Protein chains: 2
Amino acid sequence: MATTREDIVAATTELFRSQGFNGTSLKQISTESGAPTGSIYHFFPNGKDELGAAVITESGAAYQSLLELIADDATDVVEAIGALFDGAAAALEESDFIDICPIGTVAREVASTHESLRQATSEVFGRWNGALSIRLAAAGIDGFKADELATTIVSAIEGGFILCRANRKTEPLRVTGRHMQLLVRAALL
Amino acid sequence: MATTREDIVAATTELFRSQGFNGTSLKQISTESGAPTGSIYHFFPNGKDELGAAVITESGAAYQSLLELIADDATDVVEAIGALFDGAAAALEESDFIDICPIGTVAREVASTHESLRQATSEVFGRWNGALSIRLAAAGIDGFKADELATTIVSAIEGGFILCRANRKTEPLRVTGRHMQLLVRAALL
DNA sequence: CCAATACTAGAACGAGCGCTCTAGTATTTC
DNA sequence: GAAATACTAGAGCGCTCGTTCTAGTATTGG
């Protein structure tokens with residue numbers, strides 16, 4: 001059984017996915033989560049900004065766990081990259097192209113206007129980069145190259161979400177994933 | 001001398017870059033463009049949605065011209081890709097990380113809620129893809145492969161903007177650009 | 001069992017939203 | 001030069017925004 005706080009964060013995460021930060025109102029969050037305004041302000045006294053930061057940090061950690069699960073399940077790092085992009089594409093299709101990463105959306109919207117949120121997104125991306133980088137390095141890629149490759153892979157996933165959502169097609173993520181596999185394979189030689 | 005309509009579109013484009021669609025109010029657009037509300041509704045009778053679509057279509061065309069200029073200025077297609085990403089990175093830094101592509105931001109925000117805007121973003125991305133694809137094919141890459149590569153390149157640019165903006169660093173775009181050059185070079189062999 | 005704390009509940013606030021409307025001034029067209 | 005059209009100007013509409021506030025109910029600790 002989920003706590004009220006978890007309900008609020010979960011509902012907000014879902015709303016951020018399809019409408020972003022500015023497009024989501026506290027009224028909607030209250031309705032979708034079943035928690036009244038008072039509860040939202042009880043758990044997040046600084047209001048929407050604080051709730052937004054929690055959504056970014058916590059959903060960022062959840063994505064990272066998923067990423068690590070996928071990676072450690074694959075037989076090699078090249079297969080892992082493919083599974084990552086194909087998994088994202090499948091989730092997107094299943095949700096009628098709603099289920100994109102909310103962090104990239106919020107980063108674009110508010111990086112210039114809400115410094116605390118910008119920092120939260122930056123930290124999450126940094127951690128993803130680290131998780132990917134470590135696994136690429138473990139597969140035999142030089143540390144610096146691994147870090148650069150991880151940066152490109154995160155960029156490609158986030159950009160892939162944009163094209164998939166705009167076109168209502170999963171091809172961009174799948175195609176981009178295959179190109180990322182190619183880059184990793186080349187770095188392994 | 002710019003027309004009032006051009007002033008409105010230009011001001012809105014600039015505001016979308018830093019705050020997105022939902023984060024930008026008509027009041028701000030009026031103030032920044034110098035045009036009163038009446039003028040905005042004179043040129044865009046269907047209001048904010050119609051203005052938003054115009055911003056996407058017109059700034060999309062402007063970016064495409066820039067892309068073609070850069071591409072046709074370069075000695076080869078690999079150099080062109082590098083110039084594209086480095087140019088984007090430089091513009092970003094010069095503008096204190098505000099000057100990202102507004103189209104990717106709007107696509108993520110409103111693709112599920114404003115069908116007309118989603119279509120506008122899809123068309124723009126399609127045209128960019130075409131412009132890139134033609135040039136990759138002209139350099140000797142098989143047509144289908146060229147199209148796929150173009151998709152990945154557009155994804156990578158848009159995703160690169162996210163990481164750069166979140167981290168307030170230009171490295172992600174530059175690193176990603178070098179990786180794209182690598183992919184193109186590999187496809188040319 | 002009672003006091004303190006945690007949490008729920010939602011009405012109400014001022015501010016700002018997108019949009020409409022009326023009235024005005026330029027500019028064109030015949 | 002008169003009539004029609006194009007555009008400017010901004011006050012004001014109903015509504016929703018994020019936030020605050022008061023009052024209530026559970027839950028906990030001594």
Side-chain angles (χ1 to χ4, degrees), chain A residues 1-16 18-56 58 102 105-106 109-118 120, chain B residues 1-16 18-56 58 102 105-106 109-118 120:
Chain A
M1 191 203 130
T3 66
T4 302
R5 205 200 101 108
E6 284 165 354
D7 288 341
I8 294 168
V9 172
T12 310
T13 303
E14 212 50 51
L15 289 163
F16 279 8
S18 62
Q19 314 173 348
F21 181 85
N22 288 316
T24 299
S25 73
L26 290 189
K27 184 83 209 304
Q28 278 182 300
I29 294 168
S30 172
T31 302
E32 293 298 315
S33 67
T37 322
S39 294
I40 298 176
Y41 276 84
H42 171 74
F43 292 109
F44 306 97
N46 293 324
K48 202 183 177 186
D49 283 21
E50 191 181 347
L51 170 54
V55 164
I56 288 163
E58 291 170 34
T105 308
V106 176
E109 276 184 281
V110 303
S112 304
T113 51
H114 293 66
E115 177 59 15
S116 62
L117 290 177
R118 199 220 97 225
Chain B
M1 189 203 131
T3 66
T4 303
R5 205 200 101 108
E6 286 166 353
D7 288 341
I8 294 168
V9 172
T12 309
T13 303
E14 212 50 50
L15 289 163
F16 279 9
S18 62
Q19 313 173 349
F21 181 85
N22 289 315
T24 299
S25 74
L26 291 188
K27 184 83 210 305
Q28 278 183 299
I29 294 169
S30 172
T31 304
E32 293 299 315
S33 67
T37 321
S39 294
I40 298 176
Y41 275 84
H42 172 74
F43 292 109
F44 306 97
N46 292 325
K48 202 185 176 185
D49 283 21
E50 191 181 349
L51 169 55
V55 164
I56 288 163
E58 291 170 35
T105 307
V106 176
E109 275 185 281
V110 303
S112 304
T113 51
H114 294 65
E115 178 59 15
S116 63
L117 289 177
R118 198 220 98 224

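Please read these numbers as outputs of a predicted model, since none were measured by experiment. Here is the naming used below: chain letters follow the sequence lines, and residue numbers restart at 1 for every chain. Only this structure's heavy atoms are used, side chains among them; waters, hydrogens and symmetry mates stay out.
Atom OG1 of residue B/Thr105 and atom CG of residue B/Asn22 lie 11.5 Å apart, to the nearest 0.5 angstrom. Residue A/Lys27 holds its NZ atom at 11.0 Å from CD of A/Glu32, rounded to the nearest 0.5 Å. Between atom CD of residue B/Glu115 and atom OG1 of residue B/Thr113 there is a gap of 10.0 Å, rounded to the nearest 0.5 Å.
Closest heavy-atom contact between B/Pro102 and B/Phe16: CB-CB, 3.9 Å. Across A/Gln28 and A/Thr24, no two heavy atoms sit closer than the pair OE1-CA, 3.6 Å. Annotation for A/Ala54 and A/Phe44: closest pair CB-CE2, 3.7 Å, computed over non-hydrogen atoms.
Near DNA chain C, defined here as any heavy-atom distance below 4.0 Å, the residues from residues 34-42 of chain B are B/Thr37, B/Tyr41, listed numerically. Of all the residues in residues 6-13 of chain A, not one reaches under 4.0 Å from DNA chain C with any non-hydrogen atom. Contacts between residues 18-31 of chain B and DNA chain C, defined by a heavy-atom separation below 4.0 Å, involve B/Thr24, B/Ser25, B/Leu26, B/Lys27, listed by number.
Contacts between chain B and DNA chain C, taken as any atom within less than 4.0 angstrom of a protein heavy atom, begin and end at C/dC17 to C/dT20.
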| Step-by-step side-chain contact (heavy atoms from CB on, under 4.5 Å) determination, B/Phe21 to B/Leu51 | CA-CA 10 Å; B/Phe21 181 85; B/Leu51 169 55; over 6 Å; no

| said: Let's go through B/Val55 and B/Val106 carefully: what are the C-alpha distance in whole Å and the side-chain angles of both, what is the deciding distance for side-chain contact (heavy atoms from CB on, under 4.5 Å) to 0.1 Å, and is it a yes or a no? | reply: CA-CA 10 Å; B/Val55 164; B/Val106 176; over 6 Å; no

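Judged by distance alone, with hydrogens and angles left aside, the side-chain atoms of A/Ser30 form no donor-acceptor pair with the main-chain N or O of A/Leu26 at under 3.5 Å.
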| How does DNA chain D look in dot-bracket form if you count Watson-Crick and G-U pairs under 3.5 Å, write [ ] for pairs that cross, and put | where a base pairs with another strand? | ||||||||||||||||||||||||||||||

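In terms of position along DNA chain D, the nucleotide closest to B/Phe43 lies nearer the 5' end than the nucleotide closest to the other residue of the pair B/Phe43 and A/Lys48.
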Contacts under 3.5 angstrom, residues 2-15 of chain A side chains, donor-acceptor by atom type, not counting sequence neighbours:
unit_1: A/Thr3; atom_1: OG1; unit_2: A/Glu6; atom_2: N; d: 3.1
unit_1: A/Arg5; atom_1: NH2; unit_2: A/Glu58; atom_2: OE1; d: 3.0
unit_1: A/Arg5; atom_1: NH2; unit_2: A/Glu58; atom_2: OE2; d: 2.2
unit_1: A/Glu6; atom_1: OE1; unit_2: A/Thr3; atom_2: N; d: 3.0
unit_1: A/Thr12; atom_1: OG1; unit_2: A/Ile8; atom_2: O; d: 2.7
unit_1: A/Thr13; atom_1: OG1; unit_2: A/Val9; atom_2: O; d: 2.7
unit_1: A/Glu14; atom_1: OE1; unit_2: A/Arg17; atom_2: NE; d: 3.3
unit_1: A/Glu14; atom_1: OE2; unit_2: A/Arg17; atom_2: NE; d: 3.4

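Using a 4.5 Å heavy-atom cutoff, the side chains of A/Gln19 and B/Ser112 are not in contact.
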